[in-house]
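The next block holds one structure in the form of structure tokens; read it before the comments.
Each ligand, and each atom within it, is numbered from 1 in the order the structure gives. Model, not experiment: these values are computed from the prediction. Numbers for residues simply follow the sequence, beginning at 1.
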Amino acid sequence: MTASPVTRAVVKGVGHYLPQNVVPNSAFAKTLDTSDDWIVSRSGIERRHFAAKGENTSHLAAHAARAALANAGMGADALDAIIVATSTPDLTFPSVATMVQAEIGAHNAYAFDVQAVCAGFVYAVANANAQIVSGQARRILVIGAETFSRIMDWTDRGTCVLFGDGAGALILEAQTATGGTDDRGILSVDLNADGRHRDILYVDGGVSGTGTAGFLRMQGKEVFRQAVEKLAQTAETALQKAGLSADDIDWIVPHQANIRIIQGTARKLGLPMERVIVTVQDHGNTSAASIPLALSVGAAEGKLKRGDLIVTEAIGGGLAWGAVVLRW
Ligand code: UT7
């Protein structure tokens, strides 16, 4: 089959930002019946970053945005759009994306947020891809940014030890390509949701329901079970849509929730852990920020190289889940 020319959304830059305050597992053992040993063995998490008082999601997002622009060698004026994936916005509205737009001076960009919890970045990239492919925009800054420390119940050892704050950003640019599987850029996406599982991972507050911000509630074991089953499936579907298979993967860049979920998914896809970018030990679960953080760290460490085939996958509250196949 001969491919015909297409527009691809190609990665032009990547960057991230983590708040200065690093909190080791031992800090939780002072107030909760928990231990470094339990947290490491059950989740793989060793430390996480927490935002300082007054340091909000938009601030983390703007730092990550500047890092990605510098990495791309691009000015903020060149951006046509900004999409922020977050479930922890500074305010109910306006969007974090408009705050970032003002902060970095991206005066030509339209801006909005996407909320799909831990799958937020995958959803936002899929959305950006569709806008680029359709000609709506040529250059889009896609950010995942969270301050999950603001929705933790610090008395619930089953959740508060697992999450962290941070932001990562990716700049996608329209480029004409062959339409073949060797093209750089986004090659396929697969998105899914099943709202019947809303009760296994949710926040028990909100503007319309309670008028409060609420706290994160999770049935960890059930989420774990769903994650292991659904993540490999969505990755395989996305690969199929791209006309590729797991044998073609250079790197899995998974949502960083739990090392055992990451290992289980890699095993199902038949890839060794050497082919997986893992940051969960240093960041904890940063929800929508975890994939762009891992992409940025993987690139900075020299692991992700131009031309590498990358599969990202994530699942979170909703449930909402999905995968993106892209060539770096
Ligand atoms: O990003 C969105 C998606 N989120 C996830 O993917 C998270 C998915 N779930 C998980 O990562 C894991 O289920 C957890 C890390 C949350 C929990 O691991 P688990 O192996 O499923 O443990 P569990 O929930 O079955 O708990 C085992 C035991 C329980 O005690 P009992 O009932 O057996 O006596 C818990 O009460 O561990 C206890 N426990 C803890 N012990 C020490 C729960 N949290 C802690 C803790 N320290 N922090």
Side-chain angles (χ1 to χ4, degrees), residues 23-48 85-88 115-124 144-149 151-166 168 192-195 197-203 215-235 252-266 268 276 278-281 283-294 312-323:
V23 178
N25 290 344
S26 55
F28 295 93
K30 291 176 191 154
T31 53
L32 292 169
D33 182 12
T34 189
S35 63
D36 177 51
D37 191 46
W38 190 94
I39 301 168
V40 172
S41 65
R42 304 316 294 162
S43 73
I45 297 164
E46 296 171 23
R47 60 193 72 80
R48 74 287 291 139
T86 189
S87 301
T88 46
Q115 205 269 60
V117 204
C118 297
F121 192 75
V122 166
Y123 268 67
E146 302 280 15
T147 46
F148 260 51
S149 63
I151 51 167
M152 289 296 109
D153 173 353
W154 300 110
T155 65
D156 178 9
R157 66 178 183 170
T159 55
C160 73
V161 302
L162 302 174
F163 293 87
D165 302 337
N192 309 270
D194 188 346
H197 298 297
R198 54 181 281 184
D199 292 341
I200 65 172
L201 178 51
Y202 67 103
V203 170
F215 295 115
L216 183 145
R217 305 294 176 201
M218 179 167 73
Q219 294 173 32
K221 238 186 179 42
E222 185 53 23
V223 176
F224 190 100
R225 204 181 64 74
Q226 295 282 347
V228 171
E229 175 196 308
K230 293 187 161 62
L231 287 173
Q233 211 170 53
T234 185
I252 304 176
V253 185
H255 170 49
Q256 310 281 323
N258 185 314
I259 190 67
R260 293 183 295 134
I261 296 174
I262 294 171
Q263 289 163 340
T265 308
K268 281 197 172 184
V276 185
V278 180
T279 54
V280 70
Q281 71 284 357
H283 303 164
N285 183 346
T286 57
S287 191
S290 93
I291 287 176
L293 270 165
T312 66
E313 27 83 352
I315 186 165
L319 295 173
W321 69 101

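- In this structure, T86 contributes its side chain and T88 its backbone to a donor-acceptor pair below 3.5 Å.
- Listed for the N25 side chain is no donor-acceptor partner under 3.5 Å among the backbone atoms of S35.
- Here N285 pairs with H255 under the side-chain hydrogen bond (donor to acceptor under 3.5 Å, both in side chains) rule; sequence neighbours left out.
- Residues meeting the side-chain hydrogen bond (donor to acceptor under 3.5 Å, both in side chains) test with T34, sequence neighbours left out: none.
- Not a single salt bridge (Lys or Arg N to Asp or Glu O under 4.0 Å) links D156 to another residue, sequence neighbours left out.
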Go ahead and list the nitrogen or oxygen contacts between ligand 1 and the protein that come in under 3.5 Å, distances to 0.1 Å, or just say none.
| unit_1 | atom_1 | unit_2 | atom_2 | d |
| --- | --- | --- | --- | --- |
| ligand 1 | 1 (O) | H255 | NE2 | 2.8 |
| ligand 1 | 1 (O) | N285 | ND2 | 2.6 |
| ligand 1 | 9 (N) | G220 | O | 3.0 |
| ligand 1 | 11 (O) | N258 | ND2 | 2.6 |
| ligand 1 | 13 (O) | G220 | O | 3.1 |
| ligand 1 | 18 (O) | R260 | NH2 | 3.4 |
| ligand 1 | 20 (O) | R42 | NE | 3.0 |
| ligand 1 | 20 (O) | R42 | NH2 | 2.7 |
| ligand 1 | 20 (O) | R260 | NH2 | 3.1 |
| ligand 1 | 25 (O) | K221 | NZ | 2.7 |
| ligand 1 | 36 (O) | R157 | NH2 | 3.0 |
| ligand 1 | 37 (O) | W38 | NE1 | 3.3 |
| ligand 1 | 41 (N) | W38 | NE1 | 3.4 |
| ligand 1 | 41 (N) | R157 | NH1 | 3.4 |
| ligand 1 | 47 (N) | T34 | OG1 | 2.6 |
| ligand 1 | 48 (N) | T34 | OG1 | 3.1 |
| ligand 1 | 48 (N) | R157 | O | 2.9 |

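- Remark: side-chain polar atoms of S43 are paired, donor with acceptor, to backbone N or O of I39 under 3.5 angstrom.
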